[in-house]
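A quick note: this is a predicted structure, and the numbers were derived from the prediction, not measured. Only this structure's heavy atoms are used, side chains among them; waters, hydrogens and symmetry mates stay out.
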Amino acid sequence: MRTATLGPAERAEALALMAERELDVLVVGGGIVGAGAVLDAATRGLSTGIIEARDWASGTSSRSSKLIHGGLRYLEMLDFALVREALKERGLLLERLAPHLVKPVPFLYPLQHKGWERLYAGSGVALYDAMSISSGHGRGLPVHRHLSRKHARRVAPCLRKDALTGALQYYDAQVDDARFVHTLVRTASSYGALAANQAKVVGFLREGERVVGARVQDVESGGEYEVRARQVVNATGVWTDDTQALISERGQFHVRASKGIHLVVPRDRINSTTGLILRTEKSVLFVIPWGRHWIVGTTDTAWDLDKAHPAASSADIDYLLEHVNSVLATPLTRDDVEGVYAGLRPLLAGESDATSKLSREHTVAHPVPGLVVIAGGKYTTYRVMAKDAIDEAVRALDHRVADCCTEQVPLAGAEGYHALWNARARLAARAGLHVVRVEHLLGRYGSLTEQLLELIAREPELGKPLPAADDYLKAEIVYACTHEGARHLEDVLTRRTRISIETFDRGTRSARECAELMAGVLGWDRERIAREVKHYEKRVEAERESQRQPDDLTADAARLGAPDIAAG
């Protein structure tokens, strides 16, 4: 089937169509759960729409550790059901649903005690592998192995000799979280869903006690629409309580935000062929391979300040550097840090005040007729969360609806990916690109790579890399606007690409060229280009300033020095 596009014309048409007819399901929130829910509903044959106040994945779902994993630490908490469920989903994504986006990644767990720790940790990792295989979707990953200290330091020469007595190595998977979300939305659109970002719910439509739709403001134009739906799904993550407040209903549970920050450093700063997982006094810390970089994270602290722009403080950065340097032979310094990003986990409030103790389980509720609320959970299990939310919505419809089938629905770019990967040298020769460039495209777009190659064939200049961010081709910037729903420069530099965290200049040297490439698609004049660039530069300046502040309060105040851009 033809893959849908999320360009400007398609967005405008989607908003108009949502206002014209009653939908079966309207999903509010364009993060991983909302995107999963709209695909679930659309593939059951329901008329479906999704709206997002800012950009797809602009909240939590673009700021995670970028892992698809079962969660080894949940085994230690004896949460076997959550781990088993997540491992099954990991296998489905690797094998069937998104092999172009979800990739295996090895991790080394340094042992610091002889004897008992190898037995204890080894038993846990063996159980992890066994649960993966027993799910029926875990045979694609190598099983764990035990390493001596000497062998471990051959695999990871970065480790200090006194930092370990031996090690375990096991496999999980990783994903570009933001790219995965808008690929989900595109897939749903291919099955008939209507999708619009920069469209904010400002109120709910009511008939008596029943919610019958939402009032939606087009953030781009300022216009307002009434979108009627038989069921509305609130999938707004850390904004769940705020969204519920629009109907004066807090709901049957409370969502608390936990801040996690990550550092990005160049690949040559840590000499290792494998990722690392380290214990901390609160949780675990990951060192994750990420192209020509490493991601180091994360923290886990309560956050009750601005939800749209959580800020990383100097104390957060010092915490990560201190813990990772405890095992590195050559310590990292502030000068090694290319990028920093902070995200908020939506946790269901529990009895404990410590956010690391709050539930990663998810909950579905139907607080008033016509409104379903889904909250909690973890990125890896988004499909299960989406299924549970739509199951709840379907129960209130007055006609029979098909069961969930997303376990069998590959995402856009998955079909034909393996065949194109095998033919990558031929593709590169035909396009006049180096094979490494084609591999990069296949790892981001899968079989949709052919659309980018067609774009380059029509306009060869787009086959050239961005001078200040040469991992990316100019074609990718244009494609982000024509096909992937990017509306602002920030969307492209922070979510369609990762230039904002993968370059020491944080994307400022690429900003003007990217804005000029976007202008041709989005109809920007010189004034609009200048405004987008200036806003992005202010955003970077505010983030850098926040990262110099000693605590959350001062960091939050500094970050808010660069407000969201409005289209005007």
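For the residue pair T5 and E10, a side-chain donor N or O sits within less than 3.5 Å of a side-chain acceptor on the partner. With no hydrogens or angles considered, no side-chain donor-acceptor pair links Q547 and E543 at under 3.5 Å. Using a 3.5 Å distance cut-off with no hydrogens or angles, the side chains of D177 and S61 do not pair a donor with an acceptor. A donor and an acceptor atom, one from each side chain of N234 and Q244, are located under 3.5 Å apart. S546 and R559 share no side-chain donor-acceptor pair at under 3.5 Å. Checking H69 against T380 by side-chain atom types alone, no donor-acceptor pair falls below 3.5 Å.
Using a 4.5 Å heavy-atom cutoff, the side chains of V216 and K200 are not in contact. D491 is not listed as a side-chain neighbour of H182, based on a closest heavy-atom distance of 4.5 Å or more. Within the 4.5 Å cutoff, side-chain heavy atoms of Y472 are placed close to those of E502. Proximity of V212 to E22: side-chain heavy atoms (C-beta onward) are nowhere separated by under 4.5 Å.
If you run salt bridge (charged side-chain N to carboxylate O under 4.0 Å, His left out) between K259 and each of D556, D304, D316, only D316 comes through.
Distance CG/L263 to OH/Y319: 12.0 Å, rounded to 0.5 Å. To the nearest 0.5 angstrom, I50 atom CD1 is 11.0 Å from L194 atom CG.
Using cut-offs of 30° and 60° for the angle between ring planes, the H100 and Y417 rings count as tilted.
A search for salt bridge (charged side-chain N to carboxylate O under 4.0 Å, His left out) contacts involving D391 returns R44, K387, not counting sequence neighbours.
Taking the ring centre of Y445 as origin, the terminal cationic atom of R179 falls inside the region bounded by 6.0 Å and 45° from the ring axis.
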